[in-house]
Amino acid sequence: MAKNLVIVESPAKAKTLHKILGEEFEVTSSMGHLVDLPSSTLGVDVEHDFAPHYIVIRKRMKIAKQLQHDARGKQSIYLAPDPDREGEAISWHLANLLRDDQAKQARAAAAKTARKPSATSLKTSLKPSKTRPAGRDGCKIYRIVFHEITQQAVKAAVAHPGTINLKKVNAQQARRVLDRLVGYSLSPLLWKKIGRGLSAGRVQSVALRLIVDREKAIEAFVSQEYWTIEATLQKPGSGPPFQARLEAIGDKKAEVKRQEEAERIARELGQQSFVVAKVEEKEQRRYPKPPLTTSSLQQEAFHTLGYSSTRTMRIAQQLYEGLEVGEEGPVGLITYMRTDSVRVADEALRAVRHFIPAQFGKAYLPDQPRRYRSRKSAQEAHEAIRPTSVTRTPESIAQFLSPEQRDLYQVIWQRFVASQMADAVDRVVQVHIDAGTFHLRANGRTPLFPGWTKVYQDVAERERDEAQLPEGLLPPLVKGDGLTLIGVAPSQHFTKPPRRYTDASLVKALEEEGIGRPSTYAPIIQTIVTRDYARRLGGSFIPTQLGRIVTEMLIEHFPEVMDLKFTAGMEEELDRIEEGELEWVSVVRQFYTPFSARVTSAQERMRTVKREVIPTEHVCERCGKPMVIKWGRFGQFLSCSGFPDCKNAKPLPTGVACPQPGCGGQLVERRARGRHFYGCSRYPACRYTARRLAQDQDAGGTKSEAPPEGPGV
Ligand SMILES: [Zn+2]
Ligand SMILES: [Zn+2]
């Protein structure tokens, strides 16, 4: 039997580690969290020190016992969950669990009465923030941390094991307790006034607010008409025609609002002679972007691959934890995917600076390695997301990966390599043209050196479009050249409303506002969608009626909780707990005292607030009263407004006939296990389900596997 035990949180990671560490180490998995707050009670001592009352999760009881068993008789135990707060908290819970067992074993051995194992052993009180002495049977419990699952990183971690960082654990405890206090206080108010089973969350509700606010801005937007005027010109006897845009009339910027005005200007332009007034020519350098962080990975994967943030993180985790790469066996292909740092380890820098000239030529390597600066809050012990070996090119391992793994790996690999390549250089020409009192401008661009765009062409093009950089070639022109007018074309435009959030822009906004952290962006978005507070349509988030009502109610009664700055401040305080600058209990107390007063006064004020319903045109077939929309555990449903005298309730019809031949039913909205889908009104006689209706094809997804359930009453 191996003398050493390594505990991680996932089986795939265990497999990769086992290959690296060999037979002297037994590697096992906790399958995620073993310990959490109870689900049926608050589980936080708000009267005293906010001590969380942790329990072993019922489903994990067997694994917990197995781990305790596996740990017996070992010399060393290495706790190797992921290198962040959550991983630190898992390690801490594991250590407590194992030490409890060691103490119990020691007592049993001392008493020499090992007749009955105590059934209550697992329900021990795990007091926060207290380290206990190491095991008494000589077994040592270590914490090991590595940011990539590679031979070198893992062996170095085992050679220099550390202890659990309680500051990190406490930052995680504070987050967990704050979230619990908010959710537990706000959700019941939603149940009474909107619908059963709803939930509010400290960070999730603020993120939802962004989506709702954006929708309101779109609705309030009034589109403005405007016109642009382009002239097609040619230098006589030299080259193809080119476009120039009207910029100014006299010394005023050209702002054309109406068609008549545009047409008048076009007519007048047609009478003028066109002369080159000035030619400006310069070299323009474009720099590569830094290597990826969690936030930029999610944005990049959305833009290039169309992946949701949840999907991106799921695939990234597979790449990080290790995949079978031919004869190499399981290999961790990328560094840890939850990070806000753009730092690159020296070793990796050396490798990529060796790789670039060998692959692309010397001109593509800058003289000095590029150093990027992380966001203020980023932890410099962390690293950017990059391939663990730059020589493992996407092409070289494509055959071992699924298509989505390959595509995401390619995004990560390309961005990393590009981040250390030379600038792209273009020659940019701006030609100013006079025509009477009119001034026009033509732009041209000639690529001189591709630099980093060599490896990252699609992205380079997209970024150029986003920056609206000029495009196209111009004939050689000098001041004083006369030009021939070929045609004038006015075109009509309208100002556009703000865009709805996508996975990418929402993550970007969350990061910019300082809400959430690398480990929480994807779960926040997932929760909003799972709760049906917003839906994806064509890749964009649209708040549901429910999402809007919930948001408005929370803003009215809990303005601080729904305030972006307040939430961002909370995140900073959690960071400071991790830095050891703040004490977690006082952070929670400072939040809770005013918050709980708010909750009490909101309960008072809301006593007279009626339950939210939405009127419809449907009429109750039992009593003739109008039907209204209400929300229940399974989503929205139609309810008779005569409730409770008339208890008629049914799913919400969509007006779309069931496509099942000869069925005659109608599709209705349903929800089960957090999924939203459409089912036949004749269920269970007809079992047709669809994830979306034919009319909103772009809502994403495929046919649902979720079984229909009864109406939500
Ligand atoms: Zn009725
Ligand atoms: Zn049907």
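These values consider heavy atoms only, across backbone and side chains, with no hydrogens, waters or symmetry-generated copies. Residue numbers count from 1 along this sequence. Order of listing sets the numbers, starting from 1, for every ligand and every atom in it.
- Between Cys640 atom SG and Cys620 atom SG, the angle centred on the Zn ion (ligand 1) amounts to 110° (nearest 10°).
- Of the angles at the Zn ion (ligand 2), the one spanning SG of Cys663 and SG of Cys680 is 100° when given to 10°.
- The 12-atom threshold is not exceeded at NZ of Lys15, counting heavy atoms of other residues, nucleotides or ligands nearer than 6.0 Å.
- Between Phe302 and Tyr307, the ring centre distance reaches or exceeds 6.0 Å.
- Around the Zn ion (ligand 2), the two atoms SG of Cys686 and SG of Cys658 are separated by an angle of 110°, to 10 degrees.
- Salt-bridge check for Glu552 with Lys216: passed, with a basic side-chain N closer than 4.0 Å to an acidic carboxylate O.
- Around the Zn ion (ligand 1), the two atoms SG of Cys646 and SG of Cys623 are separated by an angle of 120°, to 10 degrees.
- By the 6.0 Å and 45° rule, Arg670 does not stack over the aromatic ring of Phe677.
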